[in-house]
Amino acid sequence: MTINTFILAMMVLSFASTRPLLMEEVAFLMRLKPGTAQEYERRHAELWPELAAALSTAGIHDYSIYLEPGTGWLFGVQKRHAGHTTNQLPTLPIMRKWWQYMADLMETNPDDSPVVQPLQRVFHHD
């Protein structure tokens with residue numbers, strides 16, 4: 001290794017260790033009411049453009065929901081940009097409207113928001 005290569009490598013390592021987190025990933029569980037999986041999937045296939053825009057504006061870059069058909073458990077994964085504003089989503093009329101629209105299909109809180117159980121990451125491989 002030349003001295004120039006060594007210096008460049010040290011600069012890259014220094015940058016990598018001091019740069020801010022660019023994205024976070026969160027995972028969570030939700031649950032469907034029995035017999036509602038097909039309708040849940042249909043409604044998400046027709047996601048309202050205003051809601052999709054609100055999610056993107058809040059910093060959600062990548063959002064997937066998986067279904068365990070035998071139990072109705074939903075496994076959600078979101079990637080969020082640094083500085084995301086997802087905590088503001090519940091204040092948006094479009095979010096509250098979506099929750100009301102979905103409330104007949106899911107376990108919900110009194111405000112119609114889905115009951116969400118956060119998950120802890122125990123393994124990651126890149």
Side-chain angles (χ1 to χ4, degrees):
M1 176 184 300
T2 68
I3 190 68
N4 288 341
T5 304
F6 176 77
I7 291 171
L8 179 60
M10 294 309 294
M11 289 172 57
V12 168
L13 287 174
S14 175
F15 174 75
S17 65
T18 60
R19 69 179 180 181
L21 180 65
L22 299 178
M23 190 166 311
E24 70 175 353
E25 184 177 68
V26 295
F28 51 91
L29 294 175
M30 301 178 289
R31 194 161 198 187
L32 292 178
K33 294 177 181 175
T36 63
Q38 192 172 22
E39 180 62 15
Y40 181 89
E41 189 171 354
R42 185 193 69 76
R43 291 183 191 182
H44 277 80
E46 300 172 359
L47 188 71
W48 304 334
E50 301 89 354
L51 180 58
L55 295 173
S56 295
T57 299
I60 298 173
H61 167 73
D62 188 0
Y63 186 2
S64 296
I65 301 173
Y66 301 88
L67 170 66
E68 200 299 302
T71 62
W73 281 108
L74 298 166
F75 170 67
V77 181
Q78 292 180 357
K79 292 182 181 175
R80 303 171 179 176
H81 292 288
H84 67 84
T85 57
T86 58
N87 60 328
Q88 296 299 313
L89 286 171
T91 68
L92 301 179
I94 192 66
M95 189 82 260
R96 292 192 306 273
K97 185 177 176 182
W98 180 258
W99 289 345
Q100 290 169 351
Y101 179 58
M102 299 301 290
D104 62 323
L105 307 179
M106 308 178 68
E107 293 181 1
T108 60
N109 295 303
D111 67 353
D112 289 330
S113 65
V115 173
V116 174
Q117 184 176 23
L119 297 174
Q120 177 183 334
R121 177 184 284 175
V122 296
F123 175 77
H124 177 79
H125 175 74
D126 221 357

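Just so it is clear, the values below take in all heavy atoms, side chains as well, and ignore hydrogens, waters and symmetry mates. Numbers for residues simply follow the sequence, beginning at 1.
- In terms of hydrophobic clustering, with Ile, Leu, Val, Met, Phe, Trp and Tyr side chains grouped at heavy-atom distances under 4.5 Å, Ile94 and Leu47 are assigned to a common cluster.
- Considering every non-hydrogen atom in both Ala103 and Asp112, the closest pair reads CB-OD1, 3.7 Å.
- Of all the heavy atoms in Met95 and Leu89, the pair that sits closest is CB-O, 3.1 Å.
- The existence of a salt bridge linking Lys97 and Glu50 is excluded, since no basic side-chain nitrogen approaches an acidic carboxylate oxygen closer than 4.0 Å.
- The heavy-atom pair separating Tyr101 from Arg42 by the smallest distance is OH-NH2, 3.8 Å.
- Note that the CD atom of Gln117 and the CE atom of Met30 stand 11.5 Å from one another [nearest 0.5 Å].
- No hydrogens or angles considered: nothing links the side chains of Gln88 and Thr85 as a donor-acceptor pair under 3.5 Å.
- Between atom CG of residue Leu32 and atom CD of residue Glu107 there is a gap of 9.0 Å, rounded to the nearest 0.5 Å.
- Between Tyr63 and Ile65, the shortest heavy-atom distance links the atoms CE1-CG1, 3.7 Å.
- With His84 as the fixed residue, the side-chain hydrogen bond (donor to acceptor under 3.5 Å, both in side chains) test singles out one of Glu24, Lys79, His61, Gln78: Glu24.
- Counting only heavy atoms from C-beta outward, the side chains of Leu74 and Met106 approach each other to under 4.5 Å.
- The 12-atom threshold is not exceeded at CD of Glu41, counting heavy atoms of other residues, nucleotides or ligands nearer than 6.0 Å.
- A donor-acceptor pair under 3.5 Å links the side-chain atoms of Arg31 to the main chain of Thr71, judged by distance alone.
- In the displayed structure, Gln120 atom CD is contacted under 6.0 Å by at most 12 heavy atoms of other residues, nucleotides or ligands.
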**OP:** Carefully, step by step, assess Leu67 and Tyr40 under the rule side-chain contact (heavy atoms from CB on, under 4.5 Å).
**Re:** CA-CA 10 Å; Leu67 170 66; Tyr40 181 89; over 6 Å; no

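- Listed here is the closest heavy atom pair of Pro118 and Phe28: CA-CB, 4.1 Å.
- When hydrophobic clusters are built by joining Ile, Leu, Val, Met, Phe, Trp and Tyr residues whose side-chain heavy atoms come closer than 4.5 Å, directly or via intermediates, Val26 is not grouped with Phe75.
- The shortest side-chain heavy-atom distance between Leu105 and Lys33 does not fall under the 4.5 Å cut-off.
- Using a 4.5 Å cut-off on side-chain heavy atoms (C-beta onward), Thr108 and Trp99 make no contact.
- Side-chain N or O atoms of Ser113 include none that pairs as donor or acceptor with a backbone N or O of Asn109 at under 3.5 Å.
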